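Notes follow once the structure below has been shown.
This one's a predicted model, so the numbers in the text were calculated from it and none came from an experiment. All heavy atoms count here, side chains included; hydrogens, waters and symmetry mates do not.
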Amino acid sequence: MNPWKGLRGLPREVWLVCASTLVNRLGTMALPFLVLYLTQGRRWTPEEAAFGMMVYGAGALAAGPFAGRLADRLGHVHVLKASLWTSGALLLIIPFATTKLLLFALIFLWAGLTQAFWPSAMALLADLAAPEQRKAVYALHRLSVNLGMAVGPALGGVIAHHSYTWVFWTDGLSTLAGAVLLGLLLKTRPRPAMPHGHAPGASPWRDRRLAFLLLPFIPMLMVFFQIEGTLPLWVVRDLGLGSRFYGLLFTVNTLLIVALEVALNLAMARWPHGRQLLLGSLFLAFGFGLMAWATGPTTLILTTVIWTFGEMTLFPAMSDAVATLAPPDRRGEYMGLLSLCFAAALALGPWLGVLAYAKVGPRAVWVATFGISLAAGLLLARFRTPAAAPAGPGR
């Protein structure tokens, strides 16, 4: 049985967007090595480097909603290409910054331009795919991200050993290569005419159904991002299994995503969103909650498998649910708010998790992640999919 069989009918443009993302992500290494670049390459203090990371997070948070709105107004393809060209060019410039103030300004701008990619790409994929294809399309796009991330940071470690400047230049060149791929092969389509008498879509900030969907999703994401907060402390410091084993957990995660995520979402293509969101939440709840009793390599790998199934089930369903709620002329803005949730959870989740870890201990944190995920999942299970609008052509 071929798990990829259901992807045969996808539009050519979907494959181009995913291929461009893969090319871009194959060179992603500047952000994972930013703290090391600032402390070792620039000789900054850890506090100054932490502030640099906060500046990046602030830039990403500031750009999310505006990037989506801009994509709706100018066209998703236009903003997608502009994000790749400008962020790629900026990565080539950052090593030449001579003052802290200038470097902070460039990091903030780099974060905002990079963040503009996501709402444009997600909205464009929703435009291009039929409603019954969207979960699989988002799974395919996540696959391209994960494949690239399996290579980029590892390659970055080799390059950083010789030159941090080339870490930024390699990342920038791969981003520009993705822009060239889209520029040559992905053509901008004319904006589809709105049906006669069709009123423009309302702002997502006023959509109560969207708020009902995203508000429980934020704490769920904060639990998920403990993979970058409390999980390394638990595995390396408390259990003494070392950084290599911690890296192995991500290898397990990536292999499962590559092998199963597309097939899973093809199988669940016609599931109601609420059911799939609940299932993904349960996998996350048990995957992280059981971490309190995972004290050896076998049990840690097992919990990683469980939360990875949650990731594979939950995230494509959430992207599709938001795309289904969005009016066609507001998809970028809706996806911008979803992107904003990821940025906010990434900024807050690891920080709050580590604080709680220090105050109440690791096992209490893992038990808390179970309760948070379960409560959020029960709220998400109540989500009912509205009647899907016909998918329009890409812009």
Query - NZ/NE/NH1/NH2 to OD/OE distance under 4.0 Å, Asp72 and Arg331 - result: no

Query raised in the report: Judged by modelled atom types alone, do Asn146 and Glu261 share a side-chain donor-acceptor pair under 3.5 Å?
Result: no

Query raised in the report: Just wondering, are more than 12 heavy atoms of other shown residues or ligands nearer than 6.0 Å to CZ in Phe66?
Result: no

**Report entry** Working for side-chain hydrogen bond (donor to acceptor under 3.5 Å, both in side chains), residues Ser174 and Arg25
**Finding:** CA-CA 8 Å; Ser174 73; Arg25 286 289 165 171; over 6 Å; no

Query raised in the report: Would you say the side chains of Arg142 and Ser319 form a donor-acceptor pair under 3.5 Å?
Result: no

Query raised in the report: Hey, does the side chain of Gln226 reach the backbone of Gly349 with a donor-acceptor pair shorter than 3.5 angstrom?
Result: yes

Query - Shortest non-hydrogen contact from Val167 toward Gly156 - result: CG2-O, 4.0 Å

Query - Heavy-atom closest contact (Leu314 atom, Ser281 atom, distance) - result: CD1-OG, 4.0 Å

Report summary line: Looking only at heavy atoms, the pair that brings Ala121 and Val17 closest together is CB-CG1, 4.5 Å

Query raised in the report: Do any N or O atoms from the side chain of Ser83 and from the backbone of Phe117 form a donor-acceptor pair under 3.5 angstrom?
Result: yes

Report summary line: The residue among Phe217, Phe224, Trp118 that forms ring-ring contact (aromatic ring centres under 6.0 Å, His included) with Phe342 is Phe217

Query - Carboxylate-amine/guanidinium contact Glu48 Arg42, below 4.0 Å - result: no

Query raised in the report: Looking at Leu34 and Phe168, what are the two nearest heavy atoms and their distance?
Result: CD1-CZ, 4.1 Å

**Report entry** Audit row: Ser339, Gln115, side-chain hydrogen bond (donor to acceptor under 3.5 Å, both in side chains) steps and yes/no
**Finding:** CA-CA 8 Å; Ser339 178; Gln115 187 72 11; 2.2 Å; yes

